[in-house]
Amino acid sequence: MSDLLPSTTGIVGRVLRRGTEAYESLRRAAVWHAGVPHRFPEIIVLAVTEQDVVGAVRLARAEGLQVAIRSGGHSWSGSHLRDGSLLIDMSNLRDIVIDRASMTVTVQPGLRGSELLGMLRKQGLFFPVGHNYAVGIGGYLLQGGFGWAGREFGPACMSVVAIDAVTADGERVHASDDENADLLWAARGAGPGFFAAVTRFTLRVYPHRAVTLSSTYIFPASCAADVFRFVNERGRTTPLELGVVVQRHEIAGGEPVVILHGLAFTETEESARAQLSLLEECPALGHAILSRACEPTVHGAVELDESTAVPNESRRWIADNIVSDAGADDLLPNLHTLIETLPPAPTYLLMFNWDGYPGSPVRPPMAFSLEGAFCYALYTAWDEASDDDRYRGWTTGIMRNWEPYASYTMLADENLLNRPTAFMTAESLERLDRLRSAWDVEGRFVSWLGRPDGERERASERAQG
Ligand SMILES: Cc1cc2nc3c(=O)[nH]c(=O)nc-3n(C[C@H](O)[C@H](O)[C@H](O)COP(=O)(O)OP(=O)(O)OC[C@H]3O[C@@H](n4cnc5c(N)ncnc54)[C@H](O)[C@@H]3O)c2cc1C
């Protein structure tokens, strides 16, 4: 242990070393669900100022530790819990400045997306934040970010116009398209593989649309093929956000059901209704157990309310996903396997249309570099640690069956530890590696838990060796 004390690093937040009770409760709180990984940082720094982040990086250097970062703590895999690291907890960095004149907002990483959206809405503004009320801005923006109206605005990282960050040398830098542009390029999609600590994001914001209508239909599992094929074919070019959820449901006595959901985000009720009329063309419509057409809603409204937010944080969870252009014929066999072996609720499969919005905006230069029409994400929950292997194995196995049809995996719901797979183009990965070598010569910042090229990143190798 070095003699560099928190007082000499200038850190005013708490500095907790492994072995204390306070350390363990902060370590557990760093992952939002009950399946907290058995990975133990040596030190946790609870930053309260940007200067604390500088101090924490310098402390890590002095102690020969790698650095991992937590903002909202909503990484499903708990990517930031690493053996032999110093964890910087950024959840208390929560400043926000809205600049209506320039249609930008500068926000710190500890703020939740729902909080940001709530503040923007009061000013008639909008940002495509994530769907769950508690997802932190920090990890969400870095990994790409699929959010409300994301189909129209693209991955949220497209709307990041600048960042302020602390580098591996403990220096504060600003990155925009005109200054340290390569760092901004990396921040737009590197996710848990980013090699600096972001303390502020500057985001482009948008006018809030007047009308949001949603339609929901629930079908028995026997309609799965019809609903799935309908969405897979018609969901590619519609401006509607279309979602299909497969889960066991009390409405069907605990048997699996298929929920079809459409969301229109428009200026007039007439155009929202016109968009949603597409759902009435679903060939399974006559078999719906429940139909709710064109209900007014507000983006993020449910998720702003903690009491109604799902999923349940007291459970153990794993997530995995593929993004794919494949047609229904290729994907349906595994969908049937999934339905036949589906664990109890709240485990669910979510399919939603993603790329392909008519007239979608041109992507800026960014590490987030792969495209695909639909995301298929599987979220599995259970209670007992003794069932970890069973449910992790089931989830990984189902997604592996779809691997031949996958374009990439979203880092949002990554399962790289169990299923390393492509999350950006090989060229982007190579460029990111080169930038990492330049910005973080000693490999100070930990990287992804697994890599698509099969090469486990340096941090994991060291931690496991
Ligand atoms: C219930 C739930 C719902 C979700 N819904 C959505 C959704 O609708 N859309 C979507 O896109 N994703 C969704 N996700 C995934 C989520 O957005 C990502 O896991 C995201 O990384 C979470 O951000 P965070 O700040 O809360 O996470 P954290 O766990 O704090 O961060 C994730 C990783 O990002 C890196 N990181 C975080 N902050 C910083 C920083 N300031 N500087 C450098 N690196 C940093 C770290 O490597 C960290 O391990 C959901 C997750 C959950 C659990």
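Atoms within a ligand are numbered from 1 in the order they appear, just like the ligands themselves. Computed from heavy atoms alone, side chains included, the values below leave out hydrogens, waters and symmetry copies.
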Notebook entry, point to check: Does any N/O atom on Gly72 come nearer than 3.5 Å to any N/O atom on ligand 1?
Noted result: yes
Note to self: Using a plain distance cutoff, I'd like to know if Val135 has any nitrogen or oxygen under 3.5 Å from a nitrogen or oxygen of ligand 1.
What the structure shows: no
Checklist line | Nitrogen or oxygen atoms of Ser75 and ligand 1 under 3.5 Å apart | finding: yes
Note to self: When you compare the side chains of Asn321 and Thr409, does any donor N or O come within less than 3.5 Å of an acceptor on the partner?
What the structure shows: yes
Check: Taking atom types as modelled and ignoring hydrogens, do the side chains of Tyr357 and Thr237 form a donor-acceptor contact shorter than 3.5 angstrom?
Finding: no
Next item on the list: Say whether Ala196 and ligand 1 are in contact under the criterion: heavy-atom distance to a ligand atom below 4.0 Å.
Entry: yes
Next item on the list: State the atoms of ligand 1, each with its element, that fall below the 4.0 Å cut-off from a heavy-atom position in Met90.
Entry: 41 (N)
Notebook entry, point to check: With sequence neighbours excluded, what pairs up with Gln143 under the side-chain hydrogen bond (donor to acceptor under 3.5 Å, both in side chains) test?
Noted result: none
Check: Which ligand 1 atoms does Gly130 reach within 4.0 Å, using its non-hydrogen atoms?
Finding: 7 (C), 8 (O)
Check: Could a heavy atom of Gly145 be found less than 4.0 Å from some atom of ligand 1?
Finding: yes
Checklist line | Polar contact flag for Gly191 and ligand 1 (N/O pairs, less than 3.5 Å) | finding: no
Item checked: Atoms in ligand 1 with a heavy atom of Trp32 nearer than 4.0 Å -> 53 (C)
Notebook entry, point to check: Relative to ligand 1, is Gln143 under 4.0 angstrom through side chain, backbone, both or neither, heavy atoms considered?
Noted result: side chain
Notebook entry, point to check: Backbone, side chain, both or neither: what part of Ala134 comes under 4.0 angstrom of ligand 1, heavy atoms only?
Noted result: neither
Check: Taking N or O atoms only and a 3.5 Å limit, does His131 qualify as a polar contact for ligand 1?
Finding: yes
Notebook entry, point to check: Thr199 and Glu50: side-chain donor and acceptor closer than 3.5 Å?
Noted result: yes
Margin query: Regarding atom 27 (O) of ligand 1: of the candidates Met410, His74, His33, which has the closest heavy atom?
Written below: His74
Notebook entry, point to check: At a non-hydrogen distance cut-off of under 4.0 Å, which region of Pro109 contacts ligand 1 (side chain, backbone, both, or neither)?
Noted result: side chain
Margin query: At less than 4.0 angstrom from any non-hydrogen atom of Arg70, what atoms of ligand 1 do you find?
Written below: 30 (O)
Margin query: Need the ligand 1 atom indices (1-based, order shown) with element for anything under 4.0 Å from a heavy-atom of Gly139.
Written below: 20 (C), 21 (O), 23 (O), 24 (P), 25 (O), 31 (O), 32 (C), 34 (O), 37 (C), 38 (N)
Item checked: Test applied, ring-ring contact (aromatic ring centres under 6.0 Å, His included); reference residue, Phe352; option that passes from Phe146, Phe374, Tyr376 -> Phe146
Checklist line | Heteroatom distance test (Gly73, ligand 1): nitrogen or oxygen, under 3.5 angstrom | finding: yes
Note to self: Pairs of nitrogen or oxygen atoms closer than 3.5 Å, one from Phe194 and one from ligand 1: do any exist?
What the structure shows: no
Notebook entry, point to check: Does a donor on one side chain sit under 3.5 Å from an acceptor on the other, for Trp382 and Asp387?
Noted result: no
Check: Does the ring of Tyr217 carry Arg292 above it, NZ/CZ under 6.0 angstrom from centre and within 45° of its axis?
Finding: no
Check: Does Trp317 approach ligand 1 within less than 4.0 angstrom via side chain, backbone, both or neither, non-hydrogen atoms only?
Finding: neither
Checklist line | Within residues 33-43 or reaching into it, pairs that qualify as side chain to side chain donor-acceptor pair (under 3.5 Å) - sequence neighbours excluded | finding: none
Notebook entry, point to check: At under 4.0 Å between heavy atoms, which part of Leu142 makes contact with ligand 1: side chain, backbone, both or neither?
Noted result: side chain
Notebook entry, point to check: Do Ser176 and Asp178 get their side chains close enough for a donor-acceptor pair, meaning under 3.5 Å?
Noted result: no
Check: Do Tyr379 and Tyr348 make the cut of ring centroids closer than 6.0 angstrom?
Finding: yes
Item checked: Distance-only donor-acceptor check, side chains Glu295 and Ser215, under 3.5 Å -> no
Checklist line | Atom indices of ligand 1 within 4.0 angstrom of Pro192 heavy atoms, with elements | finding: 47 (O)
Next item on the list: Using heavy-atom distances, let me know which of Trp76, Tyr140, Trp148 sits nearest atom 23 (O) of ligand 1.
Entry: Tyr140
Checklist line | Arg431 NZ/CZ over Trp185 ring centroid, <6.0 Å and within 45° of normal | finding: yes
Check: Is the cationic atom of Arg209 (NZ for Lys, CZ for Arg) positioned less than 6.0 Å from the six-membered ring centroid of Phe265 and within 45 degrees of its normal?
Finding: yes
